[in-house]
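Take a look at the structure below.
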Amino acid sequence: MTRDEALQLIEGLNVSPNILKHLLANEAIMRTLAKKFEPEKVDDWGLAGLMHDADYEFTAKDPDKHPYMVAEKLKSLGVSTEIINAILGHANYTGVVRDTQMAKALFAGDNMAGLITACALVQPNKKLSSVSVESVLKKFKTKGFASGANRDEIITCVSELNIPLDEFAKICLESMQGISPELEL
Ligand SMILES: [Fe+2]
């Protein structure tokens with residue numbers, strides 16, 4: 001599946017602007033992480049990030065179907081099992097084991113993207129360019145700030161990816177800053 005095909009699929013799923021930005025942020029993070037772990041699979045990693053929550057709104061009335069619905073759709077389109085399992089594995093309740101670097105990266109990066117977005121939105125100019133790694137780390141420790149960004153899941157960057165938290169924050173922040181116009185942040 002090409003990136004254009006993926007974006008067309010996303011369009012057909014009535015993805016909201018905010019979810020689309022979340023998908024693009026994760027795509028950027030995954031592409032950067034792939035260069036570190038599996039440079040030959042950058043596009044695959046990117047696709048996992050881009051599609052992981054693509055059915056979020058489509059399944060809003062039946063959240064139990066997320067992310068199974070998008071996984072099924074991708075399967076029918078011939079997308080690899082590795083990508084599909086990474087997408088299924090990003091939601092704990094599926095019970096799909098995160099046994100690839102791709103799956104582990106998506107799991108940790110997903111929540112870090114949320115935390116960094118929240119860090120940008122509290123800046124006076126609401127820009128990622130005003131966010132520093134130090135501020136992300138400080139907000140990481142601030143209870144109640146962006147509570148939807150699961151800290152226990154973010155910190156798996158250390159145990160599962162062997163990347164210290166400060167380095168992981170830097171990788172994710174810089175990845176998102178690299179596409180700030182698309183993220184409107
Ligand atoms: Fe997500």
Side-chain angles (χ1 to χ4, degrees), residues 1 3 6-7 9-34 43-74 79 82-98 100-121 128 131 136 139-140 145-157 160-161 163 165 168-169 171-180 182-185:
M1 172 177 272
R3 184 171 193 269
L7 289 172
L9 184 56
I10 286 171
E11 214 177 286
L13 289 168
N14 294 323
V15 170
S16 72
N18 278 345
I19 291 287
L20 177 60
K21 288 182 216 165
H22 175 68
L23 297 176
L24 293 171
N26 276 276
E27 178 192 31
I29 289 169
M30 287 295 280
R31 290 186 71 90
T32 308
L33 289 169
D43 289 340
D44 284 3
W45 283 53
L47 189 60
L50 184 60
M51 297 306 295
H52 81 285
D53 279 339
D55 63 0
Y56 197 77
E57 266 114 5
F58 205 81
T59 59
K61 285 189 184 141
D62 201 353
D64 290 351
K65 292 210 164 89
H66 165 73
Y68 296 104
M69 185 256 158
V70 71
E72 278 302 312
K73 184 71 189 164
L74 294 176
V79 169
E82 186 182 16
I83 294 173
I84 290 165
N85 283 348
I87 290 172
L88 289 170
H90 98 271
N92 266 331
Y93 55 82
T94 64
V96 173
V97 181
R98 291 178 290 276
T100 62
Q101 294 294 82
M102 186 197 292
K104 292 169 184 178
L106 182 60
F107 186 68
D110 184 18
N111 285 281
M112 184 57 105
L115 178 63
I116 291 172
T117 299
C119 288
L121 292 174
L128 282 166
V131 178
V136 175
K139 296 290 192 203
F140 178 89
F145 179 82
S147 53
N150 188 315
R151 310 305 202 262
D152 293 340
E153 296 186 4
I154 292 174
I155 201 68
T156 61
C157 66
E160 299 294 315
L161 299 171
I163 303 177
L165 182 63
F168 191 63
I171 290 170
C172 296
L173 176 60
E174 289 178 355
S175 302
M176 290 174 64
Q177 285 171 336
I179 57 159
S180 55
E182 288 93 324
L183 300 179
E184 296 177 341
L185 284 174

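Just follow the structure's listing: the first ligand is 1, and inside any ligand the first atom is 1.
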Under 3.5 Å, side chain of [X] to main-chain N/O of [Y], donor-acceptor pair present?
X	Y	result
Thr156	Asp152	no
His90	Ile87	yes
Thr59	Lys65	no
Asn150	Glu153	yes

N/O/S atom of His90 under 2.8 Å from the Fe ion (ligand 1), yes or no? no

Rounded to 10 degrees, what angle sits at the Fe ion (ligand 1) between His22 NE2 and Asp110 OD1? 80°

With respect to the Fe ion (ligand 1), what is the nearest N, O or S atom of Asp53? OD2

